[in-house]
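Small disclaimer: the values here were computed from a predicted structure and weren't measured. Letters A, B, ... mirror the listed sequences (proteins, then strands); counts begin at 1.
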Protein chains: 2
Amino acid sequence: MGWGDLGAFGEPSKETPNLDQMAAEGMLFLDFYTANPLCSPSRAALLTGRLPVRNGFYTTNAHARNAYTPQDIVGGIPDSELLLPELLKKAGYINKIIGKWHLGHRPKFHPLKHGFDEWFGSPNCHFGPFDNRALPNIPVYRDWEMIGRYYEDFKIDLKTGEANLTQIYLQEALDFISKQQASQQPFFLYWAIDATHAPVYASKHFLGTSQRGLYGDAVREIDDSIGKILTHLQKLGISENTFVFFTSDNGAALISAPKQGGSNGPFLCGKQTTFEGGMRAPAIAWWPGRIPAGKVSHQLGNVMDLFTTSLSLAGLQPPSDRQIDGIDLLPAILQGKLIDRPIFYYRGGEMMAVRVGLYKAHYWTWSNSWEEYSKGIDFCPGQNVSGVTTHTQEEHTTLPLLFHLGRDPGEKYPLSFASDEYQRVMQQIYFVVQQHKTTLVPGEPQLNVCDKAVMNWSPPGCEKLGKCLTPPKSDPKKCFWPH
Amino acid sequence: MGWGDLGAFGEPSKETPNLDQMAAEGMLFLDFYTANPLCSPSRAALLTGRLPVRNGFYTTNAHARNAYTPQDIVGGIPDSELLLPELLKKAGYINKIIGKWHLGHRPKFHPLKHGFDEWFGSPNCHFGPFDNRALPNIPVYRDWEMIGRYYEDFKIDLKTGEANLTQIYLQEALDFISKQQASQQPFFLYWAIDATHAPVYASKHFLGTSQRGLYGDAVREIDDSIGKILTHLQKLGISENTFVFFTSDNGAALISAPKQGGSNGPFLCGKQTTFEGGMRAPAIAWWPGRIPAGKVSHQLGNVMDLFTTSLSLAGLQPPSDRQIDGIDLLPAILQGKLIDRPIFYYRGGEMMAVRVGLYKAHYWTWSNSWEEYSKGIDFCPGQNVSGVTTHTQEEHTTLPLLFHLGRDPGEKYPLSFASDEYQRVMQQIYFVVQQHKTTLVPGEPQLNVCDKAVMNWSPPGCEKLGKCLTPPKSDPKKCFWPH
């Protein structure tokens with residue numbers, strides 16, 4: 001989902017009454033970011049509190065490429081990374097992930113080996129080819145074992161767009177919360193549903209209910225589900241003891257808009273890019289009785305902060321043996337403080353841009369290649385800012401393109417290089433970037449090698465279901481990342 | 001101001017707490033339109049309840065041109081038009097206009113000759129040349145007489161952007177309301193301030209307070225003023241007896257963005273165009289005790305509806321001897337009903353587009369000419385939708401470009417001409433358009449003739465002030481409207 005997909009953020013259909021209500025009862029973050037313009041790296045960053053370039057969720061196969069964890073990826077989350085649930089365990093938390101893991105699907109990357117106690121969901125996106133022949137359909141796990149596969153046991157009607165998956169994920173969440181409340185045990189629930197990812201779907205009750213088509217139906221169902229989760233917490237009497245945060249893992253995908261793509265509001269471009277539309281995310285913090293109702297924050301936030309903030313809530317310290325990028329947002333959330341910190345926008349191993357205060361400097365610009373663009377792949381449909389949404393990788397490291405995101409949230413008007421403002425601000429930004437780059441120790445890149453043999457042919461539990469497939473011979477190759 | 005300039009509509013700085021609060025206490029209109037992509041025609045339509053092509057506020061000098069009332073305009077509001085204050089008078093209302101009149105400045109067009117009892121403000125925009133030599137500076141009237149001129153008696157510091165005008169207009173409003181409340185007389189206040197029009201300004205207290213620069217400072221001052229007006233109504237105990245409506249006369253101007261231009265949120269282009277960014281306006285209805293708090297309406301609304309709605313509130317019928325385009329919004333506001341009605345998007349005498357339900361059909365597309373565009377005049381900065389934001393006037397009357405504004409609020413993806421949806425919807429739209437066109441009786445165009453002799457050289461009252469200037473010899477010419 002994108003920044004502009006919520007009524008509270010100006011979506012013209014205003015079809016998210018529950019999220020809008022959540023914002024009215026909590027705190028709306030206007031300047032909150034994902035750690036990457038793509039899913040897997042952003043989620044790895046959320047759970048480790050570290051930039052993908054540190055935790056290994058990036059590629060060096062070509063310059064500045066987005067990479068994730070498709071079925072043939074060999075890598076995944078390294079054992080050396082400390083994940084939020086591993087740490088929360090020490091404070092007695094029971095941790096559950098519902099939905100998409102996306103941090104690697106080979107046995108050693110299994111979420112239950114990385115701190116989660118329970119899992120219901122799938123390791124990858126539920127992409128095609130949908131027939132389980134040339135490639136296996138994505139498995140759905142309950143804890144250690146596969147209990148079925150997408151399109152087979154977990155139906156998605158690609159023609160009508162009907163699927164019950166969000167309802168299933170919702171029920172899992174409600175059940176888990178009830179169980180934890182009954183056992184009086186503190187819990188961490190990572191509700192990582194896969195809607196609104198393409199192929200987009202919604203359950204029957206929501207189909208055709210949105211002004212926005214199928215994508216809007218999916219948004220409505222998520223909105224409704226979040227309303228039900230919050231109400232459930234209230235009914236169980238634990239809402240004042242539960243911190244809830246809603247956000248996204250990247251900007252709305254515009255490539256298949258309008259049918260399967262969302263809105264990034266007034267921001268430039270979408271998912272896959274380091275423009276605001278690619279990484280600014282909707283974000284709401286909710287904690288009745290602790291967060292005063294109806295607050296708005298301009299704190300620069302990042303999904304990585306959820307790592308540090310959650311540890312803080314549990315009375316834990318973040319690991320001190322490594323660089324942690326996430327900050328503790330509690331002073332911003334509970335006391336309205338503004339903490340000075342930069343936002344880094346990466347594509348692969350390259351720092352494309354940085355935000356300091358209201359200023360954003362692009363060190364590299366790229367939407368996608370002419371080759372892809374000429375095939376109709378467009379991350380910036382209807383948008384074209386000369387010299388900014390470039391189709392070649394443009395280096396600006398000596399004279400970064402500088403934007404003032406307050407006056408120009410759409411990144412349309414670079415500041416004049418000759419202006420005093422440019423000179424003054426870039427001095428400050430150069431310092432921030434230099435400090436970042438000189439201390440950066442990149443992790444071992446995990447998203448370089450692909451091999452069809454590692455796909456989900458025979459996940460644990462497949463025998464019981466008679467759903468084991470025979471993998472081909474191992475043939476590891478450099479993954480090809482086109483953008 | 002544009003749709004996207006309010007926090008409630010997703011402006012990322014969210015700096016309009018008073019307007020957002022007004023929306024939270026009242027009804028937010030998401031699908032509300034101006035009658036024209038330009039100021040004068042939109043205001044003439046608001047006060048007459050009729051499209052500019054009917055009330056004469058258009059030009060036929062060239063095809064599909066925007067026209068307004070600059071200082072050298074000969075025309076103005078015809079005596080044959082019935083204005084809202086003229087009609088409200090019959091129900092005992094005292095009518096005041098504060099701010100910009102914009103319906104013609106020659107003596108016969110004076111607002112006090114068209115139903116207003118009081119006026120404080122100016123007849124035109126406060127454009128340059130600012131030195132009162134080649135052209136007169138715009139006068140400021142109190143009722144029948146000029147009491148000073150912009151840049152002379154009503155200072156605007158073009159360098160710092162400081163001006164006290166919005167504060168002056170605010171005080172006028174508060175005083176008028178107090179006076180009416182004291183005398184127990186019903187009133188109609190048309191608070192038509194000229195901020196945020198370029199050249200943009202704000203008073204000292206607001207300068208530098210916005211994340212958005214000077215334009216944002218102006219928005220903050222307007223927001224603050226509206227908060228003060230609403231609080232004043234509440235303090236006087238008349239808020240439950242006063243209907244308040246906030247809206248704009250055209251989409252945000254993007255031509256001088258980011259310094260002097262606002263935001264149209266996710267919509268295409270800005271002021272001067274018949275894309276959504278040119279005519280979709282922010283709109284909030286407020287009436288504590290009558291409008292339930294926090295409501296949202298998808299009623300297709302138009303500034304012309306304020307004419308009919310206001311008459312309805314005063315227990316009056318709209319005139320029956322002429323076509324009225326405005327509808328009574330009270331069923332939508334008080335009972336949440338949705339009234340079926342089209343929205344027509346005109347440029348000059350040409351119907352460029354029409355909206356029926358969620359569908360919008362473009363019969364003509366044009367942003368501006370190549371000639372203007374090549375000079376840097378851009379109504380769609382950073383936006384370029386192939387075949388849509390055209391720089392030549394493109395006729396689509398046989399096969400209109402059709403958009404679904406729910407799935408595609410940004411008008412980026414025209415529906416396929418071959419689709420069932422296109423065929424079905426266009427049948428309906430053809431009927432609406434045919435009915436509109438066959439019954440249309442265009443008014444005598446008022447914005448065709450310009451003459452430097454009619455400028456504000458010697459407005460009434462100039463003698464007392466020693467501010468009379470000598471007009472040149474009359475030399476009427478066709479006005480030149482470039483876009």
Task: Derivation and outcome, side chain to side chain contact (heavy atoms under 4.5 Å, CB included), residues Q383(A) and L268(A) - done: CA-CA 7 Å; Q383(A) 296 179 315; L268(A) 189 62; 3.8 Å; yes
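By the 30° and 60° cut-offs, the orientation of the rings of W370(A) relative to H391(A) is tilted.
Side-chain contact, T390(B) with T365(B): a donor N or O sits under 3.5 Å from an acceptor N or O. Looking at Y201(A) and E221(A), their side chains never bring a donor and an acceptor atom within 3.5 Å of each other.
Counting heavy-atom pairs closer than 4.5 Å to chain A, the top residue among G294(B), P258(B), C380(B), G10(B) is P258(B). Taking chain A as the reference chain and counting heavy-atom pairs below 4.5 Å, the highest number among E15(B), H298(B), R280(B), H404(B) is found for H298(B). Taking S210(B), G7(B), A257(B) one by one and counting their heavy-atom pairs under 4.5 Å with chain A, the maximum is reached by A257(B). Among the candidates N384(A), V296(A), L6(A), the residue making the largest number of heavy-atom pairs closer than 4.5 Å to chain B is N384(A). The greatest number of non-hydrogen atom pairs below 4.5 Å with chain A, out of E11(B), K14(B), K259(B), is found for K14(B). Looking only at heavy-atom pairs under 4.5 Å with chain A, the residue among S13(B), P266(B), G213(B) that has the most is S13(B).
Only the side chain of F267(A) comes within less than 4.5 Å of a heavy atom in chain B; its backbone stays farther off. For F9(A), the part lying under 4.5 angstrom from a heavy atom of chain B is the backbone only. Residue A24(A): no heavy atom, backbone or side chain, is found under 4.5 Å from chain B. With a threshold of 4.5 angstrom between heavy atoms, L214(B) does not approach chain A through any atom at all. Both the backbone and the side chain of P381(A) come within less than 4.5 Å of a heavy atom in chain B. With a threshold of 4.5 angstrom between heavy atoms, P12(B) approaches chain A through its backbone and through its side chain.
More than 12 heavy atoms of other residues, nucleotides or ligands lie within 6.0 Å of OH in Y422(A), so this atom counts as buried by the packing criterion. Atom OH of Y413(A) sits in a crowded spot, with more than 12 heavy atoms from other residues, nucleotides or ligands closer than 6.0 Å.
Between F379(B) and F275(B), the distance from one ring center to the other does not fall under 6.0 angstrom.
For the atom pair N250(B) CG and Q272(B) CD, the distance stands at 8.0 Å (nearest 0.5 Å).
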